*Asks:* 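This is the structure I want to talk about, given as structure tokens.
Everything numeric here is computed off the predicted structure, so don't read it as measured data.
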Amino acid sequence: MPSNILVSVAWPYANSLIHVGNITGSYLPADIFARYQRLVGNNVLMVSGSDSHGTPVTVRADADGTTPLEVYSQFHTGFLELFQRLGLTYDLFTSTHTENHFKVSQSIFLALEKNGYLYTDKQQQWYSPTQGRFLPDRYIEGTCYVCGYANARGDQCDQCGTLLEATSLINPRSKMDGSTPELKETEHFYLDLGKLQPAIIDFLRQREDYWRSNVLRQSLGQILADELHGRAITRDLDWGIPVPIEGWDEKRLYVWIEAVIGYLSASIEWAQLNGQPQAWHDWWYDSQAKSFYFIGKDNIPFHAVIWPAQLIGAGDWFSKLFEELEGKQLNLPFYVPANEFMNLEGKKISGSRNWAVWGFDFLSRYEPDTLRYYLTANMPESKDTDWDWQDFLNRNNNELVATWGNLVNRVLSFAYKHWDGQVPSPGELRPADLEILSTVETGFQTVGDYINSVNLRAGLNEAMRLAAEVNKYLDQSAPWFEVKTDKAAAATTIFTALKAIDSLKILLSPYLPFSSEQLHKFLGYTAPLFGEQFTETITDNLGEHDVLRYNPAAASGSWEPSRLPSGQKLREPAPLFRKLDDDIVASERSRLGQPDISQE
RNA sequence: GGCGAGGUAGCUCAGUCGGCAGAGCAGAGGACUCAUAAGCCUUGUGUCGCGGGUUCAAGUCCCGCCCUCGCCA
């Protein structure tokens with residue numbers, strides 16, 4: 001009776017590099033959760049991809065004198081490598097720029113249309129006569145109509161901070177060529193959120209008792225205070241997904257409606273790549289399946305309101321249009337455990353000012369588990385948190401290395417030295433031995449419950465507390481005395497300690513997969529705990545796209561207490577983690593805000 | 001401007017139904033030595049953002065205000 005668990009992870013925008021705030025906000029919690037669910041034996045499907053359309057990508061392409069496709073491909077490739085190195089085990093990390101995603105998105109659009117949730121309306125938009133095209137708000141500069149600042153952006157004034165109505169800018173000019181745009185009427189499709197409002201309220205009310213209050217209030221509270229109104233879902237652009245209506249093929253789907261559809265399209269692509277094109281039904285049509293959406297707080301309305309609205313609005317028309325199946329309803333989100341934000345040294349992370357710790361840059365000097373540990377211990381689950389380099393050093397040296405790394409090292413090296421590189425044979429276990437094993441084994445329940453309810457920090461704390469318990473046990477048993485007077489007693493102690501760290505290895509493995517895998521080998525196991533990540537190039541009618549995948553076939557780990565056999569041959573141990581030097585605090589701080597080396 | 005989250009020990013953060021303010025780290029002291037000078041034992045620490053109110057009792061509930069952050073307009 002394994003459950004089908006869909007792990008949906010925020011889609012990074014393919015126009016900037018990934019920093020630690022992005023990682024702790026959604027990618028890392030999703031991976032911890034997914035690894036745990038796989039260890040428990042559930043059927044996990046973890047999907048995401050690059051959000052490749054939208055104006056930030058075209059703006060960047062125009063600025064760099066290249067094409068949106070080039071910009072997207074370059075960042076996308078970087079994401080695949082970073083995620084692989086961080087051990088983020090996506091079953092599929094793909095892209096929105098695929099033939100499959102185009103088709104799925106257009107099917108959702110048409111299903112919404114069939115069910116009467118779309119309407120058209122006209123609006124004014126800046127148009128460039130010199131270029132013969134409409135200009136997105138981000139392509140416009142002008143004088144702020146609030147404070148008079150001459151270089152206000154189309155969507156916001158950098159001087160007074162006001163969010164601006166682009167069509168009201170004074171003396172507008174095109175950022176492309178400085179020419180003066182003119183207002184022109186254009187027609188768009190709108191999603192009728194007002195009509196869907198009662199169903200969305202129902203959806204949220206059904207989840208009221210277990211959703212985080214920040215997520216619930218930001219969605220339900222907002223709706224109750226201020227009705228939902230229709231939103232334009234098409235744009236006058238050429239980069240993106242064509243509107244699938246005759247006469248509209250010059251227009252594109254607005255990214256905000258199309259990107260979230262990626263959870264569905266990536267699931268479908270995953271099934272196709274596995275040669276079982278219907279396999280995704282288990283997560284999307286089985287009413288017992290549960291879907292978890294790992295996102296940052298800035299994305300709450302899109303995942304708790306708009307995406308459910310699309311799914312409800314598409315109704316059973318999606319299955320008819322997409323694969324001629326009758327009467328299938330797509331599953332709605334089960335839980336949206338949105339995280340708050342992580343700041344850096346007391347200030348907001350800012351890519352453009354290089355006030356950031358970049359994923360790649362970090363990995364050039366430190367290990368992925370070091371990052372995973374600090375980001376989890378400091379994860380913004382209930383409020384904004386702060387990345388502080390001194391705190392990073394302290395936690396690495398005083399918690400990860402001292403409590404866990406040292407425990408492993410002292411037990412392994414003692415066993416290796418005194419019992420000829422083998423797990424010793426114990427005598428009958430004494431009360432203290434039984435007690436510590438039972439204490440550690442409670443972790444499979446307590447840590448598991450924390451992870452299952454997406455309280456990841458609490459789960460990590462609990463696992464670390466258990467590691468400290470094993471340190472106490474060792475001090476009380478003092479095998480370094482026993483070994484001199486009663487080697488059989490020492491053998492019992494070390495056997496017990498080895499079993500304890502063998503169990504702790506599993507409890508910590510969702511958080512620290514690399515070092516757990518290494519410990520697993522030190523303990524003499526040959527089959528790996530986890531499966532393998534790999535990349536692949538897929539060709540379709542839109543061209544080629546690279547994907548990151550996960551093959552669980554070789555994984556042998558399971559969420560249950562150690563069954564370490566005595567006599568098992570150990571491998572020569574080495575420290576799992578590196579103690580960091582105090583100097584790094586100053587040198588890391590000096591990098592912050594410096595002209596950027598990593599934003600290419 | 002509307003909606004929401006947060007403000008608690010030197011630092012990072014918990015705090016459920018209102019019932020003597022907590023953890024980890026840092027700091028101080030101690031016994032030990034298997035281990036990455038790690039681990040173990042002992043130990044100090046508070047204007048719970050500010051001002052009112054309700055209550056026998058408020059970090060917690062109510063009102064007002066200040067600051068930080070997010071979404072929306």
*Asks:* Both distances below 3.5 Å, Watson-Crick or wobble geometry, any strand: find the nucleotide opposite B:U16.
*Replies:* none
*Asks:* What is the distance, to the nearest angstrom, from the CG atom on A:Asp386 to the C1' atom on B:U12?
*Replies:* 9 Å
*Asks:* When you match A:Asn398 and A:Ala377 each to their closest nucleotide on RNA chain B, which lands nearer the 5' end?
*Replies:* A:Ala377
*Asks:* Distance under 6.0 Å and angle within 45° of the ring axis: does A:Lys487 meet both against A:Trp419?
*Replies:* yes
*Asks:* Give none if B:G59 has no partner; otherwise give the nucleotide forming a Watson-Crick or G-U wobble pair with it, both distances under 3.5 Å.
*Replies:* none
*Asks:* Say you pick atom P in B:G64 and the same atom in B:G22; how far apart are they, in whole Å?
*Replies:* 32 Å
*Asks:* Hey, could you give me the CD/CG distance between A:Glu367 and A:Leu576, rounded to the nearest 0.5 Å?
*Replies:* 11.0 Å
*Asks:* Using a 4.0 Å heavy-atom cut-off, does A:Ser219 contact any base of the nucleic acid, only the sugar-phosphate backbone, or nothing at all?
*Replies:* nothing
*Asks:* Now, which nucleotide makes the Watson-Crick or G-U wobble pair with B:G1, with each of the two distances under 3.5 Å?
*Replies:* B:C72
*Asks:* Taking a pair as Watson-Crick or G-U wobble with both distances under 3.5 Å, which nucleotide is matched to B:A37?
*Replies:* none
*Asks:* So A:Ala478, base contact, sugar-phosphate only, or nothing? Heavy-atom distance under 4.0 Å.
*Replies:* nothing
*Asks:* Just compare B:G70, B:C34, B:G39 and give me whichever is closest to any side-chain atom of A:Ala402.
*Replies:* B:G39
*Asks:* Contact class for A:Phe577 (heavy atom, under 4.0 Å): base, sugar-phosphate, or nothing?
*Replies:* base
*Asks:* Is the distance between the ring centroids of A:Tyr210 and A:Phe334 under 6.0 Å?
*Replies:* yes
*Asks:* Suppose you measure atom C1' in B:G46 against the same atom in B:G10; what distance do you get, rounded to whole Å?
*Replies:* 12 Å
*Asks:* Taking the six-membered ring for Trp, are the ring centroids of A:Tyr254 and A:His53 within less than 6.0 Å of each other?
*Replies:* no
*Asks:* Does B:U36 have its OP1 or OP2 closer than 4.0 Å to a side-chain nitrogen or oxygen of A:Asn409?
*Replies:* yes
*Asks:* Work out how far the P atom of B:A5 is from that of B:U16, and round it to whole angstrom.
*Replies:* 15 Å
*Asks:* Report yes or no: is there a donor-acceptor pair, N or O only, under 3.5 Å between the side chain of A:Asn406 and the base of B:G39?
*Replies:* no
*Asks:* Is a salt bridge present between A:Asp386 and A:Lys348, judged by a nitrogen-to-oxygen distance below 4.0 Å?
*Replies:* no
*Asks:* Students often get this wrong, so: under 4.0 angstrom with heavy atoms, is A:Lys472 touching a base, only sugar-phosphate, or nothing?
*Replies:* sugar-phosphate
*Asks:* Checking contacts here: which listed nucleotide (B:C71, B:A5, B:C25) is nearest the side-chain heavy atoms of A:Asn394?
*Replies:* B:C25
*Asks:* Respond yes when some side-chain nitrogen or oxygen of A:Lys383 is under 4.0 Å from OP1 or OP2 of B:A14, and no when none is.
*Replies:* yes
*Asks:* Rounding to a whole Å, what distance do you find between A:Leu474:CG and B:A38:P?
*Replies:* 18 Å
*Asks:* Describe the nucleic acid contact of A:Glu399 in one word from base, sugar-phosphate, nothing, applying a heavy-atom distance below 4.0 Å.
*Replies:* sugar-phosphate
*Asks:* Heavy atoms only, 4.0 Å cut-off, all strands: where does A:Asp388 land among base, sugar-phosphate and nothing?
*Replies:* nothing
*Asks:* Starting from the C-alpha separation in whole Å, work towards a yes-or-no answer on ring-ring contact (aromatic ring centres under 6.0 Å, His included) for A:Trp387 and A:Phe392.
*Replies:* CA-CA 7 Å; A:Trp387 173 298; A:Phe392 168 80; 5.4 Å; yes
*Asks:* Please figure out whether A:Tyr374 or A:Phe414 has its closest RNA chain B nucleotide nearer the 5' end.
*Replies:* A:Tyr374
